[in-house]
Amino acid sequence: MMAPMSKYPFHEIETKWQRYWDEHQSFAVTEDPSIPKDKRVYVLDMFPYPSGAGLHVGHPEGYTATDIYCRFLRMNGYNVLHPMGFDSFGLPAENYAIKTGTHPRTTTEKNIENFRKQIKSLGFSYDWNREISTHRSDYYRWTQWIFIQLFNKNLAYESHTPINWCEACKTGLANEEVKEGKCERCGTTVVRKNIRQWVLKITEYADKLLADLDSVDWPESVKLMQRNWIGRSEGASVFFKVDGMDAQLEVYTTRADTLFGATYMVVAPEHPLVAQLTKAEQKEAVEEYLESSARKSDLERTDLAKEKTGVFSGSYAINPVNGKLIPIWVADYVLISYGTGAIMAVPAHDTRDWEFAKKFDLPIVEVLKSEVDVQTQAWTEDGVHVNSDFLDGLNKEDAIKTMLAWLEEHKLGSKAVNYKLRDWIFSRQRYWGEPIPLVHCPTCGTVAVPEDQLPLLLPEVSSYEPSGTGESPLAKIDEWVNCSCPVCGGKAKRETNTMPQWAGSCWYYLRYLDPENDKQFVSAEKEAYWMPVDLYVGGAEHAVLHLLYARFWHKVLFDLGLVSTSEPFKRLVNQGMITSYAFQRKDKSLVPTDMVEEKETDVFVEKATGEVLERVIAKMSKSLKNVINPDEIISEYGADSMRMYEMFMGPLEVSKPWATTGLVGVYRFLDRIYRLFEERTVIDEQPSDELNRTLHKTIKKVTYDTNTLNFNTAISQMMVLVNELYKVETLPRVVAETLVKLLGPYVPHLAEELWERLGHSGGLSTVAWPQFVEELTVDNQIEMVFQVNGKVRSKVTVSKGLGKDEVLAMAKKDEKLASWLEGRTIVKEIVVADKLVNIVVK
RNA sequence: GCCGAAAUGGUGGAAUAGGUAGACACAAGGGACUUAAAAUCCCUUGCUCGCAAGGGCGUACGGGUUCAAUUCCCGUUUUCGGCACCA
C-alpha cells in the first residue's frame, strides 16, 4: 500500500523527539521521598520474549495504552515508574542453537537489540535505565536466590511421579502448559513419563491464592479462570472397610449424602492398594489392565468420547451406612492425582458412574427422587432423598449435613476440602534456563548452593541437543556436574535440570525497582516506595500461567517478610488481541490474503478459481499472509499514527481486526492537525463561546476517558474539536495549547513538536494537564423530543432548564403533534427534564 | 458437556442509574479545486415506501416488564475464550 502524499514530516519529528527524550533522560524516575504515597504510581507492561520475528502489532497495543496512561499521570503530577525489559530465557533461541550451533545468548542478545530498537521507535516513555533481561547472570542470580528461599522453606521437592512430557520439546511440562492434552508451545500430544522432577508446592498456597483474588481489581473473567483452575471443592472423606482384609479405602466425595446409592467402588490403576486388593483369580486381568492404561496418553485416557474401561479386583468393600458388600473395580476414569485416587460410585446420579455400571452390569440404586428411570439414564439434578434410611425426605443441603454428622459420630469420615490445583512441575530438561542451584551429595543429601556462590553460572556446552532421556544438556558436562558438597566438602553432583521460562517472570516486576542492587534482590525501601503494581497490562493468555505463578512466589516472599504486599498486581487489564481479516471458502477453508482479489467493494474472489469468498476475522498468521509488520507501518505512517490507530480501533480489552484503511484515517487526522498549525494564525484572543464550549467538553471527555483507559472515545472527541477548528479562520492560542496538551499522551512526537512551535521549550511531558470548567461543558440550548405513545413525533430546540409545565404546554401546542393527539384522550403525561415529553393517548 | 464473555449500518465502533440508536472513523456516492491526476476541502449515506411532505421497520432471534428497552427479566441461536471423566 502506498503511503499517502503529505506535508506532515513525521519521520523528522519522531527522530528528533526520541533523541530529545533520550538526551534529556526525560523519563528517568527516582524514589523522591517528598512525593506522597498516593502520587506514586507503578504502571507495568508484561515484558516480551524477544523472538527472532521481532515485534508483533499486538505488542504496541498494550504498550501504547500504558504509555498514554503514564504520560497522562505525569502531566497530573504523579511520580510514575514505567519500566521495560525482556523475558529472555526460552526455547526458541535454544531450538535455533540446536539447528545452527549459534549460542542462545548470541541470538537472544541480538533479538533484544532489535526489540529495544523497535520499542523505542514507538516513542514509549520507559525509564530505560531500569531495563532487565532474565537471562543475564546479575538477574538470574536472584532468581536462583529466590528458589533457594523456596527450597529452604520446604516448598520445593523432588518427585518421581509421572509427568507431562513433550516429545518434540524433549522436556517435562507443568499442568498449566498442557492445553487439550497437547503441548501449549508446539501442539505435540503430551505423554506421561516417569522422570525425576523438581516440583514447587504451589498447592500449599491454594487457599491464599483463592481467597486473595477477592482483594484485587482484575477482570472477573481472569479471576474466575484462576478460581476454576485452583478448583476448590468441599466434601467429605469417607472410609470403606475392605471385606476380609485389614485395609480400608479412603474416598473423597462431594455428595456424601448419596452414600446409600454407592453400589461399587473404583480405584485408579496407580492406586497403592491395587496389588493388595487384587485377588488371585483376577491377577492376570488386573495386570493386563494396568499395563494397557499405562500405555495410554493422558489425552486418550480422558477422552470423553471413549468407552469406559475397567476390571474387577476381586475384592469387596463394605458400605459403612448399610453394611452391604460392594465390588471394588480398577478403572482409569478415576484419576490418581485428584482426591484419594479412589471413589465411591453412585451410578444412579453420576453420568460417569452410570456409564460404567451399564457397561459392566453393576447395580443402580436410586437415592434421589428422580424424574427419569435411573435404569435408563442417570439423574444428576437435585431430588428428595429416597432409599436412604435416615436421610429419606431430606433435601441435598440437609442430607449432606446429616450424613457428615453421622460419619463423624461413627468415625467413618469427616469433612474434607480438595483442590484441582496440582503442584508446579518446575524443572526442565533443557539448556537455556536458570540452572537450579542445588547439589546432590551422597552423605548430606540435596543441599542448596550457598548464597555467596550465586550466581551459579550456566556453563558453556558443545551441544545444545536435549538427550530426550530426561536429562538436560548440562548432564553431559562432567567438569560442571562434578563438584564438592558445600556442606561436607565431599564429592557431589550438581542438579542438571534448569528452571522453566516462567521462573524469571515470577519476580521481574520487583527487580525493576532496584535493578543494580548486588546485595539484595530488591531493597526494602524501594520495594515499599513503589509496590504494589498499580496497573498491569498484558494479554489474557497468561491468565492462569504467569499470573498464578507470580502470585505464588510473591506470597512466599511476603510470608518471608521480603515484600510488603500480599498481592503483586493491584489492578490488571487484558488487552484484546489484534486480529486480521482472512478469506473463507464455502467449505470454511481459509485462503491466504495474496491469493485473493477484491473484484468490487466488499466482493472478494479467489484468484485461482474465481470462487467468491467471505471475509472473516482470523488470527494473524504467516500461512494466511495477513501479518502486519509494525516497522513497515511506522516507516510509512509514523509511530504516532500507529499508536493512535491501535487505540482508536476500539476498546482496549476486546479483540479487533487490523484495517490499514482505518490507520490511514488516523494518519489523515494527524496531518489535519499539523496543517492546522501550519496554515492558521495563532491569535491571543478568546475563542467564541461555541468553540470554547467544545473545548471544555473535549477536556472533560479526554480527561475522563484517558483516566479510565477508554482511549477510543477520547480520540473521537479530539477529532470533534479539530473538525470544529477547521470551521474557523484563526486559531485562538488557548485552544491550540490545550489541544496540544491533550494530544501529548497519545501522539507525543507530534505534540512535542507543536508545543515547541507554539514557543515553548523544555518539553511537554511535565506540563500540567488542562482543567475544564464544568459550566462551560454544558449546552444552554438543547434539543428536546416530543413523543406520542413513546414514538418521537417532533424535535424542538429549547433553552436548558425549562419547567415541566412549560415544556408540556409547548408539546401540546406543537404543530407536528396535533394530528397525533387529535380526537384522542390523554391518559398519561411524562416529562423528563431537558430530555423529552411523552404523551400517552388512547 | 460445563463455566464465562459477546452479538448494533457495507466496515471498525459510539450511546446503557431505561429516555432522540448509529458519535467518531473507514468504505461508497456526488460536488469544488486541477489541463489532468494525487492530495485537500464541502455535501450525502441504517433499511424501506413515497415526486414530496411524511410514514413504516430497525441494536442476533422469540417472548415479557414499562408511558418508554441496544440497556432490565425469561427462553433460543451463533461466535469467541477457558475447562474437560476433578467424583
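Residue numbers begin at 1 in each chain, while the letters A, B, ... track the order of the sequences. Computation of the quantities below employed the complete heavy-atom set of this structure, encompassing side-chain atoms and omitting hydrogens, waters and symmetry-equivalent molecules.
Taking 4.0 Å as the cut-off between side-chain N and carboxylate O, A/Asp779 and A/Lys697 count as a salt-bridged pair.
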Distances under 3.5 Å between nitrogen or oxygen atoms of protein and nucleotides 43-53 of chain B:
none

Could you go through nucleotides 14-23 of chain B and list every protein N or O atom that sits under 3.5 Å from one of its N or O atoms, giving the distance for each pair?
residue: B/A14; atom: OP1; partner: A/Asn712; partner atom: ND2; Å: 2.9
residue: B/U20; atom: O2; partner: A/Lys795; partner atom: NZ; Å: 3.1
residue: B/U20; atom: N3; partner: A/Glu783; partner atom: OE1; Å: 3.0
residue: B/U20; atom: O4; partner: A/Glu783; partner atom: O; Å: 3.4

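Partners of A/Arg793 according to the side-chain hydrogen bond (donor to acceptor under 3.5 Å, both in side chains) rule, which considers only residues two or more places apart in sequence or in another chain, do not exist here.
When distances run from any side-chain atom of A/Thr661 to the nucleotides B/A27, B/G82, B/C57, the shortest one goes to B/A27. Looking at the side chain of A/Arg668, the nearest of the listed nucleotides B/C3, B/G12, B/C26 is B/C26.
No side-chain heavy atom of A/Lys842 sits under 4.5 Å from any side-chain heavy atom of A/Ile826.
We find that CZ of A/Phe669 is positioned 20 Å from P of B/A39, with the value rounded to whole Å. We find that CG of A/Asn175 is positioned 16 Å from C1' of B/G82, with the value rounded to whole Å. Atom P of nucleotide B/A87 and atom CG of A/Leu259 are separated by 17 Å, given to the nearest angstrom. Distance CE (A/Met225) to P (B/A84): 13 Å, rounded to an integer number of Å.
Donor-acceptor pairing under 3.5 Å, judged by distance alone, is absent between the side chain of A/Lys420 and the base of B/C83.
The residue A/Arg227 sits apart from the nucleic acid: no heavy atom pair falls under 4.0 Å.
Of all non-hydrogen atoms in A/Trp229 and A/Glu176, the two that sit nearest each other are NE1-OE2, 2.9 Å.
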